[in-house]
Asker: 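Got a structure here, written out as structure tokens. Questions coming.
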Amino acid sequence: SRGLRAAQDLIVYRPVCQVPTMAATQAGPVTLAELQNLVKRDKDGYLEEFRQQLRHYESSMEIFKLKPSHEAKQFGELISFLAAVAPCYPKDLAALPQQLIDLLREHGGVLDHELRQTLVRALILLRNRDLISSTSLLELFFELFRLADKPLRELLYSHIVADIKRLNAKHKNNALNKTLQNYMFTMLSDRSPVAAKKSLDVMVELYHKRVWDDARTVNIIASACFSPVSKIMATAIAFFLGADEAKPDEDGEDKDDSKQSYQTLLMRSGFVKKTKARERQLRQALNRQHRQDKKEKAPNFNFSALHLLNDPQGLAEKLFARLQANNSERFEIRILMMNFISRLIGIHQLFLLNFYPYLQRYLQPRQQEVTRILTFLAQACHELVPAETLESVLMTISNNFVSDRSSAEIICVGLNSVREICRRCPLAMNETLLQDLVQYKSYRDKGVSMAARSLIQLFREVNPSLLHRRDRGKPGEDGEGEATEYGRVHVEKFVPGSELLSLHEEIKDPEGEEQGEDWEGWEDASDDESDDGEGWIDVEHSDNDEDAGAKDGSDDEGEEAAKEGTKDELTTEERVKRAVELSTTRILSQADFDKIKELRMRKALQPSVGSKRSHDVETDTILKEDAIIPNSKKRRQSKEERLNKVMEGREDRGKYNIRKGRMNEHASTTNREKSKNKNPMMLKNSQRARSRKYESMFKWAPKGKKKPGQKPYKGK
């Protein structure tokens with residue numbers, strides 16, 4: 001046993017870096033790094049030296065397996081050398097990848113952290129040179145996520161994402177993707193929470209990079225929402241809540257650099273000597289920019305992650321059941337779950353009627369994150385929610401927020417919340433409650449009055465019959481403001497705005513007809529008639545010269561006036577009749593649709609006479625908190641706050657000194673500062689000194705009693 005132990009120490013710790021080679025006899029000892037460089041240059045000439053190191057590796061491997069927990073720095077250097085020269089001798093090192101995989105799989109937990117990282121880097125190097133399959137290596141790397149080694153996990157995470165992205169760069173490798181996705185699905189339920197969390201992070205990152213953006217990936221991530229580990233569940237929910245946000249492009253700096261390099265070369269070409277090399281550089285930079293522009297212009301059609309779910313109703317029900325049963329979760333986690341459930345209900349128009357009474361108990365002004373909860377409540381409303389379910393919610397908001405004992409900010413939040421709920425479900429409001437809320441339009445606070453007027457404007461569009469007669473305003477021209485029944489789908493009988501196209505075509509006739517109408521009453525005078533000398537031709541003058549001049553001067557103004565006149569003459573029934581006739585008797589082209597869009601936009605920009613223009617607010621399924629929070633006015637500062645602000649301005653100066661006017665002490669002085677150092681006799685007769693003299697005389701003039709008829713004293 002003593003002889004075996006001595007042999008182990010001799011082999012493991014002997015100086016492996018000194019390798020006897022042909023060059024060593026002339027230049028001294030050669031290190032492994034130098035030998036690696038020489039092997040890459042001439043692999044046949046250094047075959048014997050390589051095989052000597054390979055035999056040394058095999059013997060070191062057998063000895064190392066006896067004590068895998070010991071530090072072996074030289075053994076790691078030898079593995080790095082073999083991995084680097086593996087492409088030069090693929091037959092001799094065919095078994096190296098599998099040996100390293102078996103070593104990590106059997107003794108990965110007890111290995112020294114530096115040696116473990118060396119083995120992983122060697123395997124990554126072999127994988128980058130396609131000397132090992134990705135499936136076996138990635139499965140090993142997912143298992144290594146269980147180890148308590150954070151730098152190693154970061155290395156594995158970055159390689160897995162980069163490797164899968166490289167495999168799907170040219171085309172989707174569906175067979176490999178399906179295998180890896182199935183394995184990741186099993187890893188999400190792993191006994192190690194760290195490994196499950198890292199596997200989930202890999203899938204989320206691949207979705208953001210548009211590598212795995214299919215429904216299979218989204219549904220695997222959705223299964224992580226039911227994980228017993230709160231951190232994994234929060235990560236999965238946060239993915240769905242933020243998957244549609246714009247991610248910063250990693251290649252953005254390269255795009256800017258390519259454009260900047262081309263612009264720099266183009267500008268430089270105008271001042272430097274023209275050479276073939278510079279012309280070639282400019283041409284290559286231009287080609288790079290053209291390729292980059294083509295990539296930017298390529299359309300990218302991406303569906304939202306929430307739209308790719310297979311069973312959103314079941315997902316929402318299971319999450320809500322967990323939200324109700326588990327009250328031990330932190331409040332931030334419950335807020336995330338509420339947000340996710342409300343967004344699922346709003347986008348897919350789900351039926352989860354118990355969710356609204358659950359949120360109703362949080363509707364108190366002093367509740368933590370109450371504005372976000374109100375946002376979730378409005379976000380979960382849609383047209384198919386029964387009105388009876390939301391009536392009690394509206395009454396709770398009105399009683400707790402919109403009351404005289406509440407502050408102006410709380411009243412404003414309550415009115416805005418009611419408005420957003422009624423925008424998505426108008427049938428939830430009754431006439432009594434609406435007329436009570438409308439009374440706040442004359443409230444002393446401007447924010448409250450604006451919130452009440454926005455509620456009035458909403459019901460002018462959706463159901464004006466609930467408003468008082470004086471608040472209804474003028475009826476809409478397009479038939480807006482009609483109350484809809486529950487579950488009724490509005491189907492158009494014509495193309496919206498097609499009546500505007502018919503009016504436009506009637507007003508603007510073809511060129512031939514316009515010329516015929518304009519030149520009617522004029523006689524043609526040819527050259528033959530002028531040569532006959534028969535004299536002048538009498539032309540009849542119109543009675544109204546001003547109208548003719550206006551017609552010749554501004555055709556556009558006349559056309560607009562005619563449009564306005566025709567608009568005013570047509571009633572709603574005539575507009576519908578025109579639109580139905582045009583939609584059923586004519587096939588509209590893309591140019592016609594573009595013209596209809598232009599005419600509708602022009603009409604929206606022209607307010608009706610005697611009424612203010614209302615801005616259409618698009619109803620978004622994803623509601624932001626800013627839609628409920630009022631625009632806060634600048635609060636008046638207290639005396640302590642004003643004093644603190646004053647003291648902040650005195651930090652850079654002494655106790656009774658003024659702050660210097662110049663930022664730079666070595667800067668030149670002004671003329672006024674120079675005059676302070678001049679001789680007083682030089683400034684005696686200056687304009688400023690004389691003006692001060694007369695000012696002092698006027699200021700200190702005697703102010704005695706003025707006698708009757710005496711003029712006031714004005715000085716000399």
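Since the structure is predicted, the reported quantities are computational estimates derived from the model, not experimental observations.
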Asker: Which value, rounded to the nearest 0.5 Å, describes the distance between L137 atom CG and I101 atom CD1?
Answerer: 5.5 Å
Asker: Give a yes or no on whether the backbone of A175 and the side-chain of T179 come within a donor-acceptor separation of less than 3.5 Å.
Answerer: yes
Asker: Counting distance only, does the side-chain N/O of N168 pair as donor-acceptor with the main-chain N or O of I164 below 3.5 Å?
Answerer: yes
Asker: Taking S158 for the side chain and L155 for the main chain, is one N or O donor matched with an acceptor at less than 3.5 Å?
Answerer: yes
Asker: Please check if the side chain of R127 supplies one atom and the backbone of S133 the other of a donor-acceptor pair under 3.5 Å.
Answerer: no
Asker: Minimum heavy-atom separation for F376 to I335, with atom names?
Answerer: CE1-O, 3.7 Å
Asker: Side chains of K40 and K43, heavy atoms from C-beta outward: is any pair under 4.5 Å?
Answerer: no
Asker: Can a donor-acceptor pair be found, under 3.5 Å and without considering hydrogens, that links the side chain of D42 to the backbone of V39?
Answerer: no
Asker: Do L111 and L104 have side-chain heavy atoms sitting under 4.5 Å apart?
Answerer: yes
Asker: Would you say that V85 contacts F81 through its side chain, given a criterion of any heavy-atom pair below 4.5 Å between the two side chains?
Answerer: yes
Asker: Would you indicate whether the side-chain heavy atoms of F145 and S192 approach each other to under 4.5 Å?
Answerer: no
Asker: Do we see a donor-acceptor contact under 3.5 Å between the side chains of E625 and T371?
Answerer: yes
Asker: Supply the atom-to-atom distance E58 CD to L78 CG, rounded to the nearest 0.5 angstrom.
Answerer: 10.5 Å
Asker: Report the C-alpha separation of L588 and I596 in whole Å, then their side-chain angles, then the decisive distance to 0.1 Å, and conclude whether the side chain to side chain contact (heavy atoms under 4.5 Å, CB included) test is met.
Answerer: CA-CA 10 Å; L588 299 177; I596 289 173; 4.2 Å; yes
Asker: What verdict does the side chain to side chain contact (heavy atoms under 4.5 Å, CB included) test give for I237 and L241, after you've listed the backbone C-alpha separation in whole Å, the side-chain angles of each residue and the deciding distance to 0.1 Å?
Answerer: CA-CA 6 Å; I237 293 176; L241 296 178; 3.9 Å; yes
Asker: Please check if atom NZ in K172 has more than 12 non-hydrogen atoms from other residues, nucleotides or ligands closer than 6.0 Å.
Answerer: yes
Asker: Show the nearest heavy-atom pair for residues I132 and P97, with the distance to one decimal.
Answerer: CD1-CB, 3.9 Å
Asker: Determine whether more than 12 heavy atoms belonging to other residues, nucleotides or ligands lie under 6.0 Å from atom OH of Y157.
Answerer: yes
Asker: To the nearest 0.5 angstrom, please state how far the CG atom of L35 sits from the CD atom of Q52.
Answerer: 9.5 Å
Asker: Would you say the side-chain atoms of N287 pair up with the backbone N or O of R283, donor to acceptor, closer than 3.5 Å?
Answerer: yes
Asker: Does the side chain of L82 reach to within under 4.5 Å of the side chain of F50, using non-hydrogen atoms?
Answerer: yes
Asker: L188 and I220: which non-hydrogen atoms are nearest, and at how many Å?
Answerer: CD1-O, 3.5 Å
Asker: Listed by chain and number, what are the side chain to side chain contact (heavy atoms under 4.5 Å, CB included) partners of Q284, not counting sequence neighbours?
Answerer: R280, R288
Asker: For L147 and G108, which heavy atoms make the closest approach, and how far apart are they?
Answerer: CD1-O, 3.8 Å
Asker: If you round to the nearest 0.5 Å, how far is OG1 of T118 from NE2 of H113?
Answerer: 9.5 Å
Asker: Using a distance-only test with no angle check, is there a side-chain donor-acceptor pair under 3.5 angstrom linking Q590 and D594?
Answerer: yes
Asker: Mind running side chain to side chain contact (heavy atoms under 4.5 Å, CB included) on V120 and Q117 for me, showing each step along the way?
Answerer: CA-CA 5 Å; V120 170; Q117 276 205 357; 5.6 Å; no
Asker: Are the side chains of C225 and F240 in touch, meaning some heavy atoms are under 4.5 Å apart?
Answerer: yes
Asker: Is E143 paired with R105 through a side-chain N to carboxylate O contact shorter than 4.0 Å?
Answerer: yes
Asker: Considering all heavy atoms of both residues, which atom of V218 and which atom of A305 are nearest to each other, and what is their separation?
Answerer: CG1-O, 3.3 Å
Asker: I'd like to know if E420 and R423 make a salt bridge, using a cut-off of under 4.0 Å between side-chain N and carboxylate O.
Answerer: yes
Asker: To the nearest 0.5 Å, what is the distance between CG (L200) and CE (M233)?
Answerer: 12.0 Å
Asker: So, taking the atom named CE in M184 and the one named CG in D190, what distance separates them when rounded to the nearest 0.5 Å?
Answerer: 13.0 Å
Asker: Do I347 and H307 have side-chain heavy atoms sitting under 4.5 Å apart?
Answerer: yes
Asker: Give every residue pair that meets the side-chain hydrogen bond (donor to acceptor under 3.5 Å, both in side chains) criterion with at least one member in residues 88-100, sequence neighbours excluded.
Answerer: Y57-Q99, Q98-D102
Asker: Measure from the side-chain N and O atoms of H348 to the backbone N and O of L309, and report whether any donor-acceptor pair falls under 3.5 Å.
Answerer: no
Asker: Sub-3.5 Å donor-acceptor pair from the side chain of N310 to the main-chain atoms of N219, do we have one?
Answerer: no
Asker: Kindly give the heavy-atom pair with the smallest separation between L126 and A83, and that separation in Å.
Answerer: CD2-O, 3.9 Å
Asker: Quick one: are L306 and P312 in side-chain contact, heavy atoms under 4.5 Å?
Answerer: no
Asker: Between the side chain of N128 and the main-chain N/O of I124, is any donor-acceptor distance below 3.5 Å?
Answerer: yes
Asker: Kindly state each residue pair satisfying salt bridge (charged side-chain N to carboxylate O under 4.0 Å, His left out) with at least one member in residues 111-122, sequence neighbours excluded.
Answerer: R116-D149
Asker: Can you check side chain to side chain contact (heavy atoms under 4.5 Å, CB included) on S134 and L176, steps first, answer last?
Answerer: CA-CA 9 Å; S134 60; L176 177 64; 3.8 Å; yes
Asker: Less than 4.0 Å between a side-chain N and a carboxylate O, is that true for K198 and E205?
Answerer: no
Asker: Compute whether any side-chain donor of one residue and acceptor of the other, for R216 and N182, lie under 3.5 angstrom apart.
Answerer: yes
